[in-house]
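Here's the structure, in structure tokens; my notes come after.
Along the sequence shown, residues carry numbers from 1. Source: prediction; values computed, not measured. What you see below is based on every heavy atom in this structure, not just the backbone, and it leaves out hydrogens, waters and symmetry mates.
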Amino acid sequence: MKEWVKFTVAATIATGLGICAASAQDCTPQHKFETVTAGKLTVALTNTAPYSLEKDGGIAGIDGELVKRFAKENCLEITYEIFTYPGAVSAVQSRRADIGLGGFYRTAAREKVVALSTPVYLDQLSVTSADGVDTVDGLLGKKLGTVEGYLWVQDMEKLYDGSKTYPSSLNLAQDLHAGRIEAALDGFGSAVVQNEGQDYKVRVLKQDPRIDATMNPSQTAFLLDKSNEDFVKAVDASLEAYRKDGAIAEALKAYGLDPSAADVGEARVIE
């Protein structure tokens, strides 16, 4: 679980995401579906900035901003509870929550127990360094680290002798800031959070077939109840609309990520 680092998000986000007030009597839902509790959208929220988090008594983050728009458009009041990643999956699977948020990767294992929304954005592979290197060749000869469990770990270890893995993004960033490594590979969103206020540059690592994750970055999704087909269809239709009108790109930019991550390509899952 990552600690929240404050972002200054312009007030124009609400306008950019199309969030507007509507009283109960003049609100017409864009879609028809049932929720766990009538009139409410129950959210299983993970505190994983910048993807999702609790802030000022409500939900926030990239996922949170998009879901707030969806709730408004469908005349729903948001209620939420904080979960770990496994807990959020369980809450949606058992119908204690309508939707799970947290930059969840689209994996085959998750797809077996919950519905995965259409891809929301990419979690691009980033490299953080003092000099702003952004190529695979540019990292040769550097002391390099990443977080254990990521898809690119094996590729990194083949290319870079002496590279290290860490149990968390926080541990990775701490060794980078202490000068024990010279560059860090991490998901872009996590890297932005961990290096907030530090004199380091976070760059998307340029495409290179030697590291497959640069060619096929992980897609994120919202977790949805498999049995609620109308709800799944409504969320997917809204996300595609938000992609077309620029709302997803705007949310990414507002939270410090590259808006190009909204261009997700064809839907895929990680085996």
Check: His177 ring centre within less than 6.0 Å of Tyr200 ring centre: yes

Decide yes or no on ring pair (Phe, Tyr, Trp, His ring centres under 6.0 Å) for Phe104 and Tyr85, but give the supporting numbers first. CA-CA 8 Å; Phe104 284 92; Tyr85 265 62; 4.4 Å; yes

Are [X] and [Y] packed together at the side-chain level, in the sense that at least one heavy-atom pair is separated by less than 4.5 angstrom?
X: Thr42; Y: Thr79; answer: yes
X: Leu66; Y: Val120; answer: yes
X: Phe70; Y: Ile78; answer: no
X: Ser227; Y: Arg95; answer: yes
X: Val92; Y: Ile99; answer: no
X: Phe231; Y: Leu224; answer: yes
X: Tyr242; Y: Arg69; answer: yes
X: Ile59; Y: Val67; answer: yes

If I take atom [atom1] from residue [X] and atom [atom2] from residue [Y], how far apart are they, to the nearest 0.5 angstrom?
X: Lys253; Y: Asp258; atom1: NZ; atom2: CG; result: 10.5 Å
X: Leu116; Y: Glu111; atom1: CG; atom2: CD; result: 5.0 Å
X: Ile181; Y: Thr128; atom1: CD1; atom2: OG1; result: 9.0 Å
X: Thr37; Y: Leu76; atom1: OG1; atom2: CG; result: 10.5 Å
X: Glu81; Y: Glu54; atom1: CD; atom2: CD; result: 10.5 Å
X: Leu101; Y: Thr220; atom1: CG; atom2: OG1; result: 10.0 Å

Is the backbone N or O of [Y] less than 3.5 Å from a side-chain atom of [X], with the two atoms forming a donor-acceptor pair by type?
X: Ser117; Y: Phe222; value: yes
X: Ser90; Y: Pro86; value: no
X: Arg243; Y: Pro119; value: yes
X: Asp98; Y: Val36; value: yes
X: Thr35; Y: Lys40; value: yes
X: Tyr255; Y: Gly61; value: yes
X: Gln219; Y: Arg268; value: yes
X: Ser163; Y: Tyr160; value: yes

So which of Thr214, Val147, Ile211, Asp212 actually passes side-chain contact (heavy atoms from CB on, under 4.5 Å) with Trp152? Ile211

Determine the interplanar angle of the Tyr51 and Tyr121 rings, folded into 0 to 90°, and report it as parallel if under 30°, tilted if 30 to 60°, perpendicular if over 60°. parallel

Could you pull out the closest heavy-atom pair between [X] and [Y], with the gap in Å?
X: Met156; Y: Gly145; value: SD-C, 4.3 Å
X: Ala183; Y: Val127; value: CB-CG2, 4.0 Å
X: Leu252; Y: Pro259; value: CD1-O, 4.0 Å
X: Cys75; Y: Pro29; value: SG-N, 3.4 Å
X: Cys27; Y: Lys72; value: SG-O, 4.0 Å
X: Leu176; Y: Ala184; value: CD2-CB, 4.1 Å

Please check if the number of heavy atoms outside [X] that lie under 6.0 Å from its [atom1] is greater than 12.
X: Glu229; atom1: CD; result: no
X: Gln198; atom1: CD; result: yes
X: Lys226; atom1: NZ; result: yes
X: Glu240; atom1: CD; result: yes

Under 4.5 Å between side-chain heavy atoms, counting indirect links through other Ile/Leu/Val/Met/Phe/Trp/Tyr residues: same cluster for [X] and [Y] or not?
X: Leu139; Y: Met215; value: no
X: Leu144; Y: Val133; value: yes
X: Val264; Y: Leu205; value: no
X: Leu45; Y: Leu239; value: yes
X: Leu122; Y: Leu185; value: no

Pairing of [X] and [Y] as salt bridge, 4.0 angstrom limit:
X: Lys143; Y: Glu182; result: no
X: Arg106; Y: Asp123; result: no
X: Lys164; Y: Asp175; result: yes
X: Lys206; Y: Asp137; result: no

Pair Tyr105, Arg110 - check side-chain contact (heavy atoms from CB on, under 4.5 Å), show working. CA-CA 9 Å; Tyr105 285 179; Arg110 288 185 181 130; 3.8 Å; yes

Only one of Asp63, Asn47, Thr46 passes side chain to side chain donor-acceptor pair (under 3.5 Å) with Ser52, and that residue is Thr46

Can you check side-chain contact (heavy atoms from CB on, under 4.5 Å) on Asp230 and Lys32, steps first, answer last? CA-CA 7 Å; Asp230 289 339; Lys32 291 184 179 180; over 6 Å; no

Have Ser260 and Gln124 got a donor and an acceptor in their side chains that come within less than 3.5 Å? yes

Derivation and outcome, side-chain hydrogen bond (donor to acceptor under 3.5 Å, both in side chains), residues Ser169 and Asp186: CA-CA 7 Å; Ser169 294; Asp186 202 352; 2.8 Å; yes

Given the rule in the side-chain contact (heavy atoms from CB on, under 4.5 Å) test, do Gln154 and Leu159 qualify, once you have shown the distances and angles that lead to the verdict? CA-CA 9 Å; Gln154 288 187 341; Leu159 279 170; over 6 Å; no

